[in-house]
Amino acid sequence: MEYEAVIGLETHVQLKTKSKMWCGCANRYGDEPNTNVCPVCLGLPGVLPVPNNEALRLTVLTGCLLNCEIPRFAKFDRKSYFYPDAPKNYQLTQYDKPSTANGFVDFEFNGAISRVRITRAHLEEDVGKLTHFDRNSGVDFNRAGVPLMEIVSEPDITGADMAYEYLNALKDILIYGGVSDCDMEKGMVRCDVNISVRPAGTKELGAKIEIKNMNSFSGVRRALEYEIPRQIAAVKRGEKLIQSTRRWDDDAGITDEMRTKEHAHDYRYFPDPDLMPLAPTDEWLAEVRSRVVELPLARKQRFMREYQLPASDAETFVNDVILGSYFEDIAKRAKNPKAVANWIINDLRAKLAEHSSRDSSPLTESQMDQGHLLAGFTLAFLRFEPEAILELVNMVESKIISSAAAKQVFAEMFETGKLPATIVQEKGLAQVSDTGAIEKFCEDAIATNPNSVADYKNGKIAALNFLKGQVMKLSKGNANPALVGEILEKKLN
Ligand SMILES: [Zn+2]
C-alpha cells in the first residue's frame, strides 16, 4: 500500500517594531543580557500591559498580505504554563479570537503554482532565552515580551520540498510587507512542524506528530526527509503511531520523542482581564490596508508580462527589490525593456560588485541573505542618472554605436558619470554608417586579401567573415557591421 504525508506548519515570526508588545523596552537583538527589561516584561505584580499598536497593525497587515479575513473582534488570552523562560507563568496570545483567519499563500513549486491555506495569523509574545552552561543555566529576558506572530497553515503540504518552498515564499512576503526582517540567524523565524501519514488517497488523518522549535528552513526540510519515511515504515510494520512531540537533532540527523499526548499541557486559557478586546475601526483598517504591497509572485509575473522578461531576470528583480524598482523606472520608458534588463543585471551588477569590494567593507552573511538590501547600499553611489542607461540602449538600438563600443561607454559613464553621447563624441566611438566610407574600407580589404576573395568565390563562407573582420579592423571597429556585410557581399558578387 502507498502512503502519503500530511503536513501543516506553525511559523513564529518576530515583528519589526521598535518596542516590545506590552511595554516600552527596546525590541532589539544582540544587547547585553537582561538590559532591555522592566517590571512589565519581567512579570512583576501590579503592572498593566499596554498593547503595541504597530504590532497589532503588522499582524492585520500580514492577514491582508495572506488573503485572510480580518474579524472585527479579537482578544488576548492567557496561556498558563510554568517554565523558567516565561516570567509571568503565562503567555499572552490570541486563542479563539485571532486578529486574522482563513487566508492562503500561492507560491511556485515544481514549475506550477501551489496553494497552502492559512488557518490564521495571530499575535502573541516571545519568551526569554535560556542558555545552558556546564553546571547551571542562565535566562535572558531581553526577548521576553517581544511581539511574536504565529502563522498557522492548514495541512495542505505534502512533502519536504513543498514545505521548504512554502516557508521561503512566506518569508519573502513578510520581508516585502515590512512585517519582519525574518533574519534566521537571529532567531526571528521559528517553526513547529505537524506531520502525519495515511494511506494515499484516503481522507482520515493519521496520528499527529509535532516537531518543535525548528530554526532553519533547511532543517525543516531535512527533518521531514527523515520523519516521513520513519512514520511510513512504522505504519507498514503494523505499529500504531500515537500523537506526540518530537525534537529534531540536526547533528545526528534524526528526530526523537520528547513527550506523548498523555503528558500534553493543559494551558487553561482564559481572556486576559487587563486587556480590552480588539475592535478595529474602519479608519484604522484603511490605514493598515494602505500599507499592502505587491507580493513577490505577483511582481515576478507582472515583470514577465509587462516587460517580456524571462523568468530568471524577473526573479533577480524580485529578490533585489531596489534593483527591480530601478529597472522598472527605466523600462517604463524603453522600447526594448529586455535590453535595459541585460545592462542592469549583467553589466551594472558586475560593476557594483567590483565597486563595493573595492571601496567598502565586505557585506556580512546576513546582508547577503537579504539580497533586497544589496543594491540599496550601492545604487545610491551611482554617478550617472537612470536616463543614461536608456540613452545607451537607444544608441545601440539605433546603431549609433556598436555593442562593443557600448561596453566601453558604460565603463566610462560608471567611472565619470558623463552622459553616453558625450563619451561617444569624446572617444570617437560613433559607428560609421556612411556608406561611402565603408565602401572604401571594403575595396581596400578586397584588394589586399586576394586569397580570401578567391576562397569566397569557391564557396568558402568563412572567408567572408575574415574579410568582414579586415574591414572592421580598417575602420578601427567603428563600422556598422550590418552595413559592412551588405556592402562586402555586393562587391564580391
Ligand atoms: Zn519591558
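First listed ligand is number 1; within each ligand, the first listed atom is number 1.
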Counterpart residues, side-chain hydrogen bond (donor to acceptor under 3.5 Å, both in side chains), relative to N194 (two or more places apart): E10
Presence of salt bridge, E287 and R57, under 4.0 angstrom: yes
Aromatic ring proximity, centroids under 6.0 angstrom, F303 and F327: yes
Within less than 2.8 Å of the Zn ion (ligand 1): protein N, O or S atom count: 4
Check ion pair R190-D126 (N to O, under 4.0 angstrom): yes
Salt-bridge contact D313-K338 (side-chain N to carboxylate O under 4.0 Å): yes
Over all atoms of both residues, closest heavy-atom pair of D140 and P33: OD1-CA, 3.4 Å
